[in-house]
Protein chains: 2
Amino acid sequence: MLSGKTDQELKELSIKTGNACVGFNLRRTARLLGRLYDEAFEPLGLKGTQFSLLMAVAGNKDATIGELAQPLGMERSTLSRNIVVLQKKGLVTVEEGEDRRQQKISITEQGIFVLQEALPLWERIQERLIGELGVERINNLLEDLQSLSQGTKEK
Amino acid sequence: MLSGKTDQELKELSIKTGNACVGFNLRRTARLLGRLYDEAFEPLGLKGTQFSLLMAVAGNKDATIGELAQPLGMERSTLSRNIVVLQKKGLVTVEEGEDRRQQKISITEQGIFVLQEALPLWERIQERLIGELGVERINNLLEDLQSLSQGTKEK
DNA sequence: CCTTAATATAAGTATATACATATATTAATT
DNA sequence: AATTAATATATGTATATACTTATATTAAGG
């Protein structure tokens, strides 16, 4: 029963769950690293999230919202809005598919140019993170994140 | 030079950076797990993010926005808004400090009650994730996330 | 063919997030 | 003491995110 707990006990519970909670630690690290990426891409007028999405568009020619959302682990409604942001920047085009419910997303020449400029900035962060944890721990981390992502998809 | 790349080459680059990018994988996993937590806490009208924040408030009696923001790795302006959400739900109180610029945040009785209800739901997810990766990989993951969080703060 | 069901995306609403700027308050300088 | 600098929080603006609902389009059943 928490209601009877002293401040000290509450404090210990808070620290314990904070240290152990996968969700919290994921979000916190994502926030902190997110600012790193945003800062790096800032000269290109790009956010880290936008770099990832643009890269996904580049690698999936003429994909629809639904097709992109799947590997990104993102709601289609979310993706729909994120695509508009890239479209307004002139980095992607959106056009009706043969099935007129669908929207085919493609990267523009300008989008490819921006990716080209962004790539070395991305690599610099990658190197920095590898420098901090070492390549093995980074690779383990990436594998674990991918396993967890897989795991949530299977009900 | 990306501009000259074929679709196939772009596709391979996209897959390679997608698999290697720490930021992207963090965000994707955070999104997917976030939905798991949100679903679990839904009966309490709570999101995963709100559970973590409420737990942090519980463990830091009379902390200010600034004091809370630090360990959460969150901008004070963000935290300021997130606290309002908990306040409107009646889970925390906000009152002026002796230094009248500051706001002292405290958990309410109702907040403690909600935490109490949430705790077993949180543990169920924790067990599920440990069941998927094993306790060692989960602990490694948590350590790595904490190291990365530390790393971004320096410099 | 027409109605109904299924599907794809967008729009409505709410929260999470950050940066820049505004506001209020305290501390420091002269 | 009065002015200036520093600090704490809130607000403006924009993006990211998800759930629910609306809209448009295609597919299925009769």
Side-chain angles (χ1 to χ4, degrees), chain A residues 23-24 26-42 45-54 56 63-70 72-89 91 94-105 152, chain B residues 23-24 26-42 45-54 56 63-70 72-89 91 94-105 152:
Chain A
F24 168 64
L26 274 176
R27 281 193 309 274
R28 179 174 54 182
T29 310
R31 276 196 296 272
L32 291 166
L33 286 197
R35 290 189 244 171
L36 222 64
Y37 286 95
D38 288 353
E39 184 182 9
F41 294 136
E42 192 273 332
L46 212 63
K47 304 251 186 186
T49 50
Q50 296 165 0
F51 168 78
S52 297
L53 178 51
L54 190 56
T64 64
I65 299 277
E67 288 163 352
L68 280 172
Q70 225 290 314
L72 294 172
M74 194 178 284
E75 280 296 310
R76 286 172 302 178
S77 62
T78 301
L79 184 53
S80 176
R81 287 188 157 109
N82 294 354
I83 284 292
V84 171
V85 176
L86 294 186
Q87 186 186 23
K88 283 196 289 195
K89 289 179 192 283
L91 306 179
V94 179
E95 47 187 337
E96 223 173 42
E98 314 90 63
D99 182 334
R100 280 165 32 219
R101 289 170 300 185
Q102 297 181 335
Q103 301 287 322
K104 302 285 194 180
I105 318 295
T152 57
Chain B
F24 167 64
L26 274 177
R27 282 193 307 275
R28 179 173 55 182
T29 310
R31 275 196 296 272
L32 291 166
L33 286 198
R35 289 189 245 172
L36 222 64
Y37 286 94
D38 288 353
E39 185 182 7
F41 294 135
E42 192 273 333
L46 211 63
K47 305 251 189 186
T49 50
Q50 296 166 0
F51 168 77
S52 299
L53 178 52
L54 189 56
T64 65
I65 299 279
E67 288 163 352
L68 280 173
Q70 226 289 316
L72 294 172
M74 195 179 285
E75 281 296 311
R76 286 171 301 178
S77 61
T78 300
L79 184 54
S80 176
R81 287 185 158 109
N82 293 356
I83 285 292
V84 171
V85 176
L86 294 187
Q87 187 187 22
K88 284 195 290 196
K89 289 179 192 282
L91 306 179
V94 179
E95 47 186 336
E96 224 174 41
E98 315 88 64
D99 181 334
R100 277 162 38 219
R101 290 170 297 185
Q102 298 181 334
Q103 302 287 320
K104 303 284 195 179
I105 318 295
T152 57

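Below, chains carry the letters A, B, ... as their sequence lines are ordered, and counting in each starts from 1.
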request  = Return the 5'-most residue of the pair E96(A), D38(B) with respect to DNA chain D, ranking by each residue's nearest nucleotide.
outcome  = D38(B)
query = In whole angstroms, how far is the C1' atom of dA8(D) from the CG atom of L68(B)?
reply = 13 Å
query = How close do I65(A) and S80(A) get, heavy atom to heavy atom, and via which atoms?
reply = CD1-CA, 3.9 Å
query = Under 4.0 Å between a side-chain N/O of R31(B) and OP1 or OP2 of dT17(D), yes or no?
reply = yes
ask   = Is there side-chain contact between T49(B) and Y37(B), with at least one heavy-atom pair below 4.5 Å?
value = no
inquiry  = The test is side chain to side chain contact (heavy atoms under 4.5 Å, CB included); show your working for E75(A) and R81(A) and say whether it passes.
reply    = CA-CA 10 Å; E75(A) 280 296 310; R81(A) 287 188 157 109; over 6 Å; no
message = Using a 4.0 Å heavy-atom cut-off, does R35(A) contact any base of the nucleic acid, only the sugar-phosphate backbone, or nothing at all?
response = sugar-phosphate
query = Going 5' to 3' on DNA chain C, which nucleotide is the first and which the last to come under 4.0 Å of a heavy atom in chain A?
reply = dA6(C) to dC19(C)
Note, M74(B) side chain near N82(B) side chain (heavy atom, < 4.5 Å) = yes
message = Please compare I65(A) and K47(A) by the position of their nearest nucleotide in DNA chain C and report the one closer to 5'.
response = I65(A)
key: d(NZ, K104(B); P, dA8(D)) in whole Å   = 11 Å
Any R31(B) side-chain heavy atom under 4.5 Å of R28(B) side chain = yes
task = Mind running a 4.0 Å heavy-atom check of residues 72-80 of chain A against DNA chain C and sending the residues that fall below it, in number order?
result = R76(A), S77(A), S80(A)
ask   = To the nearest Å, how far apart are Q87(B) CD and dT9(D) P?
value = 14 Å
ask   = Checking all strands, does E42(A) fall into the base, sugar-phosphate, or nothing category for heavy-atom contacts under 4.0 angstrom?
value = nothing
query = Side-chain contact, heavy-atom cut-off 4.5 Å: L86(A) with L53(A)?
reply = yes
Within-4.5 Å side-chain heavy-atom neighbours: K104(B) and T64(B) = yes
key: DNA chain D: 5'-proximal contact among E98(A) and V85(A) (nearest heavy atom)   = V85(A)
task = Over all heavy atoms of both residues, which pair between A30(B) and R27(A) is shortest? Give the atoms and the distance, please.
result = CB-CG, 4.4 Å
request  = Mind calculating the distance between CZ (R101(B)) and P (dT11(D)) to the nearest angstrom?
outcome  = 18 Å
message = Applying side-chain contact (heavy atoms from CB on, under 4.5 Å), can you list everything that pairs with Q70(B), at least two apart in sequence or on another chain?
response = none
request  = Report the residue (E67(A) or Q50(B)) whose heavy-atom-nearest nucleotide on DNA chain C is the more 5′ of the two.
outcome  = E67(A)
